[in-house]
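Heads up: the structure comes next, in structure tokens.
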Number of protein chains: 2
Amino acid sequence: MNTPEALKNIRVVLCATAHPGNIGSAARAMRTMGITDLALVNPQRYPDPQTQWFAAGAVDVLESARVCATLEDALEGVSFAVACSARRRDIAVPLTDVRSAAQEAVAQAQQQRVAFVFGNETSGLSNDEVSRCHLLASIPVDPAFSSLNVAAAVQVFCYELRMACGAALPEERPPLLAAINDVEAFYRHLETTLVEIGFLDPRQPRKLMQRLRRLFGRTRLQVEEVNILRGILSGLTHPQPRRSSKDEK
Amino acid sequence: MNTPEALKNIRVVLCATAHPGNIGSAARAMRTMGITDLALVNPQRYPDPQTQWFAAGAVDVLESARVCATLEDALEGVSFAVACSARRRDIAVPLTDVRSAAQEAVAQAQQQRVAFVFGNETSGLSNDEVSRCHLLASIPVDPAFSSLNVAAAVQVFCYELRMACGAALPEERPPLLAAINDVEAFYRHLETTLVEIGFLDPRQPRKLMQRLRRLFGRTRLQVEEVNILRGILSGLTHPQPRRSSKDEK
């Protein structure tokens, strides 16, 4: 899948980021998911070589990143904004999880620009910042250890945005299954062989064949596999004399 | 949600990790999602202070982490293993995406131990390592920039594992809606007021009231909000004389 159109309308806004490495990691996280519009509100150390190191090649995101003085500036041109925060507030912004927020954002981003807003590593987003957004979205975390790194959070949000665009792995062509009649012929061959070698007593079959059918049925035998299995069965009952070393030459 | 039982049966295996910071970030990523069983196969620099820095407090994960000489050792006691890799192979391990893999793994982890295996930052997993696993799972990435950091990949997998356990945000009690009759009384009040101030001509209403109903209907008015709105309407038509400064004392 190339970059879905909706992802071109998604902006990531990082507010008051303290560590320049996190800005680089966030840029890399965005870029892997096909999101490239980054705005930085009052980054504490920027530019900084660490940002480049952690971006690991996602330099196009950094080169086009805008540094803004206020969140208002960073939301210029944006119609729908999602505050990304683990902390709940007693303010009137509906709370949702990252998956639902991504789905709603991608629907909006078909037509309009959408922003995801992330706060400072320690203090997060202020209530004033959250109240400028339409949704407050959280990643479910272990309540005993909720310290999610900001770039890791950006990674999860951008991943969900790409998934919400219907990102799927390119389809694999399913393997060719053996014809049912060929598989039945294998079962008959198997049964005959098991009787021949004395493993199956036709007078006391004890559901052995049903069990073997269940085993092989689950694997959905392929053409070549049926040939291999029948070759093994033939080998069991009609062993070929080992070729002499003269023949091998 | 506290730690679901299934997550206690999930092991993360990092093979030949080059950067100690990535081990720390991966430990932190695991811990935020409630996963704590970590095995390290031949880490290139370990222990190392960087690991602790990047773990940001997820020290319990590091303290119980096992260092193994081979993948075989790291998979001790594991019944179901998922190879996590962006690279496709021409080997007979079914390919799936991270979400489906997480769902299958959580189902298995109700009863048995499950491992997610991640490769080296540069070379990934070898075909031999992948072929010891039951599934090959990938995170969908932008094909033009597929360089996902290993700890970021661990974050996405662990997030999907937690989601697959039915992780949901604790339910919010929905706000109390105003009674329908009170909302109707507000609409009547609004209409009367709009006629009174000359904004609505009863002879040419032009669907104004339907439009306003649609607007307020979408917001699902709450009790207090209806009171506020009716207060505003009363204020518009029966303005209160501003209290004198004497009254305010």
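All chains are named by letter (A, B, ...) in the order of the sequence lines, taking the proteins before the strands, and each is independently numbered beginning at 1.
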Checking B:A58 against chain A: side chain, backbone, both or neither under 4.5 Å from a heavy atom?
both

Counting only non-hydrogen atoms closer than 4.5 Å, does B:A152 touch chain A with its backbone (N, CA, C, O), its side chain (CB onward), both, or neither?
both

Quick one: sort the B:F118 and B:F157 rings into parallel, tilted or perpendicular, breaks at 30° and 60°.
perpendicular

Can you find a side-chain donor-acceptor pair between B:N22 and B:E121 that sits under 3.5 Å?
yes

Can a salt bridge be assigned to the pair B:D37 and B:R113 using a cut-off of 4.0 Å between side-chain N and carboxylate O?
yes

Which bit of B:A55 comes within less than 4.5 Å of chain A, counting heavy atoms only: side chain, backbone, both or neither?
backbone

Carboxylate-amine/guanidinium contact A:R99 B:E160, below 4.0 Å:
yes

